[in-house]
Amino acid sequence: MATPIALEDHSWSQDATDLIERWATEGRRFNADDLRRAMRPAPNPNMVGSVFRTAARRRLIEKVSDNTSRTKSRNGGHQYTWVGIREALRLVA
């Protein structure tokens with residue numbers, strides 16, 4: 001059953017992107033599990049990957065490793081660990 005439009009969470013993507021940007025500037029490593037723990041649930045589970053792709057396209061973050069999700073609903077699915085672009089550049093130097 002679809003969620004009535006008045007109840008949809010239209011700000012989730014922006015709030016998640018803002019959090020990813022903050023984490024990127026702090027130089028920490030993070031993944032989708034971290035985002036799920038720190039945020040309210042996404043209106044659609046596919047939105048989690050979408051905000052990471054958007055942040056990567058904006059050159060805010062970069063993949064640094066592959067790992068397995070520990071979120072029960074993800075059943076051990078693949079995910080990346082990310083870091084802010086500036087931090088990634090320091091790791092290479």
**Residue pairs, two or more places apart or on separate chains, that pass salt bridge (charged side-chain N to carboxylate O under 4.0 Å, His left out) and touch residues 41-54** = none

**Item:** Gap separating the NE2 atom of His78 from the OG atom of Ser69, nearest 0.5 angstrom
**Value:** 11.0 Å

**Asked** Is the shortest side-chain N to carboxylate O distance from Arg40 to Asp15 below 4.0 Å?
**Response** yes

**Message:** Quick check on Arg59: does its CZ atom have over 12 non-hydrogen neighbours (other residues, nucleotides or ligands) under 6.0 Å away?
**Reply:** no

**Message:** Hydrophobic clusters here meaning ILVMFWY residues chained together by side-chain heavy-atom distances under 4.5 Å, can you tell me if Leu35 and Ile85 are in one?
**Reply:** no

**Request:** Establish whether Phe52 and Val83 are linked, either directly or via other cluster members, by ILVMFWY side-chain heavy-atom contacts under 4.5 Å.
**Result:** no

**Asked** Can you tell me how far the OG1 atom of Thr54 sits from the CD1 atom of Ile61, to the nearest 0.5 Å?
**Response** 9.0 Å

**Prompt:** Does a donor on one side chain sit under 3.5 Å from an acceptor on the other, for Arg22 and Thr17?
**Reply:** no

**Item:** Distance in Å, Lys63 NZ paired with Asn31 CG, rounded so as to fall on 0.5 Å steps
**Value:** 13.5 Å

**Asked** Below 6.0 angstrom between ring centroids: does that apply to Phe30 and Trp23?
**Response** yes

**Item:** All side-chain contact (heavy atoms from CB on, under 4.5 Å) counterparts of Leu60, not counting sequence neighbours
**Value:** Glu21, Ala55, Arg58

**Side chain proximity check, Tyr80 to Asp66, heavy atoms < 4.5 angstrom** = yes

**Request:** Walk me through it: do Gln79 and Asp33 pass the test side chain to side chain contact (heavy atoms under 4.5 Å, CB included)?
**Result:** CA-CA 9 Å; Gln79 69 179 357; Asp33 288 349; 3.2 Å; yes

